[in-house]
Amino acid sequence: QQQVKQSPQSLIVQKGGISIINCAYENTAFDYFPWYQQFPGKGPALLIAIRPDVSEKKEGRFTISFNKSAKQFSLHIMDSQPGDSATYFCAASQYSGGGADGLTFGKGTHLIIQP
Amino acid sequence: KAGVTQTPRYLIKTRGQQVTLSCSPISGHRSVSWYQQTPGQGLQFLFEYFSETQRNKGNFPGRFSGRQFSNSRSEMNVSTLELGDSALYLCASSFKGNYGYTFGSGTRLTVV
């Protein structure tokens, strides 16, 4: 059972454009929603994260939009640059008092920014 | 500030053997989690250790085990290796094990 569904699987955006990646979750107990960026040969790196009591969070060119009622959240990359070309993963976890129950990841989006 | 260090970076093992992977977390981080990354299944949670105790475990067979030492360093062991165990194994550390995980670059395990 895939608890976090991510789309699209791949995305091509022109330099300077907006990249949008979407995720939907099923478990309403999730209380932490991070986005990770992964380059080939490297581990995932935390980009930005949001808690469900906030509808939007912005850090530089990266923005998370969160819709609790729809159980969806998305990553927007403004003014996309060739250096943003990477694989992006959304994730979710819940804190149950004894520690977080591990991150549940989406399948990833391979983003290519064309110069 | 040093990041999460995983050793070795690459490993080739034969089916049926066992393997031990090592992870040194960021200084001060007490929680270490392990993940398996494959093209087909993506990133999957294996287990999490905090202060030498396993707190959470993912849906993996008992062949996958781990431990954490008093200095927060962690090891992961896979016994009786199968071809399907070929994957990138990632270690992540965080201060308390709730949020803000930092990943290492992983150990690429190939089982032949």
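Computed from heavy atoms alone, side chains included, the values below leave out hydrogens, waters and symmetry copies. Below, chains carry the letters A, B, ... as their sequence lines are ordered, and counting in each starts from 1.
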message = Using a 3.5 Å distance criterion without hydrogens, assess whether the side chain of Y35(B) forms a donor-acceptor pair with backbone atoms of L103(A).
response = yes

key: Heavy-atom neighbours of I12(B) CD1 exceed 12 at 6.0 Å   = no

request  = Output yes when a side-chain donor or acceptor of K107(A) lies under 3.5 Å from a complementary backbone atom of Q41(B), and no otherwise.
outcome  = yes

ask   = What do you reckon, is CD of E59(A) surrounded by more than 12 foreign heavy atoms closer than 6.0 Å?
value = yes

Heavy-atom proximity to chain A below 4.5 Å, by part of L43(B) = both

key: Check: F103(B) ring centroid to Y36(A) ring centroid under 6.0 Å   = yes

message = Is Q37(B) close to chain A through its backbone or its side chain, or both, or neither, when contacts mean heavy atoms under 4.5 Å?
response = side chain

query = Honestly curious: do V4(B) and Y89(B) fall in one hydrophobic cluster under the side-chain, below-4.5 Å linking rule?
reply = no

task = Verify the cluster assignment for L21(B) and V112(B): are they in a single hydrophobic cluster under the rule of side-chain heavy atoms below 4.5 Å apart?
result = no

message = Counting only heavy atoms not in D53(A) (residues, nucleotides, ligands), do more than 12 fall under 6.0 Å from its CG?
response = yes

inquiry  = I want to know whether F45(B) and F105(A) have ring centres closer than 6.0 Å.
reply    = no

request  = Answer with side chain, backbone, both or neither: which region of R108(B) has an atom nearer than 4.5 Å to a non-hydrogen atom of chain A?
outcome  = neither

query = Heavy-atom count around R51(A) CZ within 6.0 Å, excluding the residue itself: above 12?
reply = yes

Contact class of P44(A) relative to chain B, heavy atoms under 4.5 angstrom = both

task = Would you kindly confirm whether F47(B) and V78(B) end up in one hydrophobic cluster when ILVMFWY residues are joined by side chain heavy atoms under 4.5 Å apart?
result = yes

message = What part of L88(B) gets within 4.5 angstrom of chain A, counting heavy atoms only: side chain, backbone, both, or neither?
response = side chain

